[in-house]
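The analysis underlying the following values was restricted to heavy atoms, covering all of them including side chains, and did not include hydrogens, waters or symmetry mates. Chain letters run A, B, ... following the sequence lines, proteins first and then strands; every chain starts at 1.
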There are 2 protein chains.
Amino acid sequence: MKKAGSCIDCFNPGCFIKYCSSKWIKEIETHKTEVSYKKGQAVFAAGEFVNGLFFIKDGQVKVVSSGLNDKEQIVRLATSGHILGHRGSNGETYPISAVAMKDSVVCFVKNETISEAFLKNPEFTVKLMLFYSKELRGIEARIKYLSQMTVREKVAFALLYLKTIFGYQAQGTTNKGQLLNVQISRTDIAGICGTNEEQVIRNLSDFEQEKLIAKEGKKIRIVNESTLYGILKVYNLQL
Amino acid sequence: MKKAGSCIDCFNPGCFIKYCSSKWIKEIETHKTEVSYKKGQAVFAAGEFVNGLFFIKDGQVKVVSSGLNDKEQIVRLATSGHILGHRGSNGETYPISAVAMKDSVVCFVKNETISEAFLKNPEFTVKLMLFYSKELRGIEARIKYLSQMTVREKVAFALLYLKTIFGYQAQGTTNKGQLLNVQISRTDIAGICGTNEEQVIRNLSDFEQEKLIAKEGKKIRIVNESTLYGILKVYNLQL
DNA sequence: AGAAGGACATGATAAAGGTCATGTTAAAAT
DNA sequence: ATTTTAACATGACCTTTATCATGTCCTTCT
């Protein structure tokens with residue numbers, strides 16, 4: 001943990017702190033802490049006290065909810081510019097955990113600072129509210145797929161969800177499709193789908209045979225995105 | 001649709017509009033419309049344009065997402081004080097529908113009014129942000145149950161979810177438990193669970209035989225709430 | 001009153017998906 | 001360099017759950 005650098009010339013264009021007044025950006029700057037997490041490390045764990053809000057400066061984080069016999073469900077994926085945690089009342093604890101999927105840098109602003117910032121920076125608060133509202137809509141869409149889709153459809157959905165959040169790798173584009181900008185295990189994909197590792201493996205193998213995807217080192221190449229969408233068209237999704 | 005009454009002496013204690021300045025409460029009062037919906041009527045339907053925000057004054061509403069072959073998934077249940085819809089940018093449409101579960105009264109405030117109110121009433125905006133943030137946490141919990149629980153567990157969860165949102169009927173309490181303050185069909189419960197009518201019926205019958213619930217007219221009596229919770233305890237939920 | 005439709009109920013059957021067993025490969029640790 | 005562990009992969013099997021069929025009861029419409 002180190003004292004953070006300037007928020008004003010922060011390279012992350014998606015950070016919400018930018019919407020504060022310059023006076024308040026300075027204020028937050030001096031009160032925030034900036035922490036680096038190694039891949040696999042927890043930003044926060046279920047049961048810990050909610051002491052403030054996390055802003056992802058640079059990284060990839062999975063928000064997981066561990067249920068029955070260690071089977072973990074990935075509730076949300078987050079990347080640079082996204083928020084983790086929530087403003088909590090005193091004594092409140094996290095119902096879920098947030099774990100870095102790769103080395104990540106996260107800024108932390110404690111409750112008192114953030115609460116005051118909300119009241120003094122309406123535009124900032126509105127942006128944050130819209131962020132939550134948008135997340136809510138996204139998760140509502142995922143509810144549908146978890147409850148109605150077949151495993152095959154869920155796996156297709158998971159791939160497209162990964163693309164929506166993390167996008168494609170800039171240097172990964174060839175005439176044979178685009179490379180997902182994330183390194184994720186079959187077990188974690190299963191965690192997104194609400195199924196198990198074996199089913200994911202089976203279905204990814206199917207997709208490969210059908211030339212919809214290709215496996216490239218530790219990453220997945222989306223060869224035929226539109227057909228992948230086609231698998232889900234009956235649900236008329238909006239990712 | 002009629003011009004609405006005063007917000008100041010509105011009987012609904014949970015309405016967020018209260019957190020605006022008195023000047024703005026008046027402003028909203030004059031710009032809002034108040035609409036009554038019959039049971040089964042849509043407050044808004046998927047595909048319609050997002051023109052503003054809905055505040056439930058008095059009623060019970062299900063937010064549904066219709067997927068494959070008319071099988072509808074209930075994404076969220078809402079009651080007096082809750083919000084429906086979201087602030088949308090121009091041209092945006094609803095991905096889901098909201099349907100009255102009983103005769104309900106809903107206040108509508110259009111986009112321009114609400115956007116300005118946000119910027120001028122920090123406390124109002126913060127409350128709304130916290131509402132969304134709380135909803136987000138709630139739905140994250142439901143994601144887990146939809147993806148990991150057995151049908152039996154899902155049905156138990158649905159009953160407790162109904163209790164959380166709508167509560168018990170004041171006059172329904174006897175020494176044999178408490179009456180859920182909602183009238184809901186097996187099909188709709190199936191929509192909460194992500195299963196079908198038959199499974200719900202079977203499991204409710206099981207619960208009845210096990211003396212966990214009792215059927216009373218068109219409503220359900222929770223006879224043994226703690227055992228019902230017990231069915232879910234491995235998930236250590238926080239409803 | 002009688003017909004019709006909707007909600008509730010239960011059994012039989014089939015398909016989907018979870019679990020277990022086993023094996024291979026690749027990376028990491030000693 | 002060798003052992004160990006993690007990730008990937010596939011087949012077989014069995015449980016769970018969805019679907020289909022049928023029937024009853026109750027409410028609502030004509």
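Here dT17(D) presents its C1' atom at 15 Å from CG of Leu146(B), a figure rounded to the nearest Å. Distance, Gln199(B) CD to dA9(C) P: 14 Å, rounded to whole Å. At whole-Å resolution of the value, CD in Gln183(A) and P in dA27(C) are 10 Å apart. Between the P atom of dA9(D) and the CD1 atom of Ile189(A) lies a distance of 10 Å, rounded to the nearest Å. We find that CD of Glu198(A) is positioned 16 Å from P of dG23(C), with the value rounded to whole Å. In this structure, CE of Met149(B) is placed 13 Å from P of dT17(D), rounded to the nearest angstrom. For Ile184(A) and dA7(D), the CD1 to C1' distance is 13 Å, given to the nearest whole Å.
OP1 or OP2 of dA7(C) has not a single side-chain nitrogen or oxygen of Thr187(B) nearer than 4.0 Å. Residue Thr150(B) places no side-chain N or O under 4.0 Å from the OP1 or OP2 atom of dT16(D). Between Arg186(B) and dC8(C) there is a side-chain N or O to OP1 or OP2 distance below 4.0 Å.
Between the side chains of Glu225(A) and Tyr168(A), a donor-acceptor pair is found at a separation under 3.5 Å.
The stretch residues 202-219 of chain A touches DNA chain D through Arg202(A), Ser205(A), Lys215(A), each having a heavy atom under 4.0 angstrom from the strand.
Not counting sequence neighbours, Arg142(A) has no partner by the salt bridge (Lys or Arg N to Asp or Glu O under 4.0 Å) test. Not counting sequence neighbours, the partners of Phe108(A) by the ring pair (Phe, Tyr, Trp, His ring centres under 6.0 Å) test are Phe54(A).
When each of Phe131(B), Tyr132(B), Phe166(B) is tested with His82(B) by the rule ring-ring contact (aromatic ring centres under 6.0 Å, His included), just one qualifies, namely Phe131(B).
Residues in residues 43-53 of chain B take part in no salt bridge (charged side-chain N to carboxylate O under 4.0 Å, His left out) pair, two or more places apart or across chains. Listed by first and then second residue, the side-chain hydrogen bond (donor to acceptor under 3.5 Å, both in side chains) pairs that reach into residues 185-206 of chain A are Lys62(A)-Asp188(A), sequence neighbours excluded.
Rounding to the nearest 0.5 angstrom, the gap separating the CD atom in Gln209(B) from the CG atom in Leu204(B) is 12.0 Å.
Checked for salt-bridge contact, Arg152(B) and Glu210(B) meet the test: a charged N lies under 4.0 Å from a carboxylate O. Ion pair Lys39(B)/Asp103(B) not flagged as a salt bridge, since none of the NZ, NE, NH1 or NH2 atoms sits closer than 4.0 Å to an Asp/Glu carboxylate oxygen.
Considering only side-chain atoms of Asn196(A), the nucleotide from dT19(C), dA9(D), dT17(D) that sits closest is dT19(C).
With a cut-off of 3.5 Å on both pairing distances, the Watson-Crick and G-U wobble pairs of DNA chain D assemble into stems of 3 or more at C:1-30 with D:1-30.
Nearest-nucleotide positions on DNA chain C for Glu197(B) and Arg152(A) put Glu197(B) closer to the 5' end.
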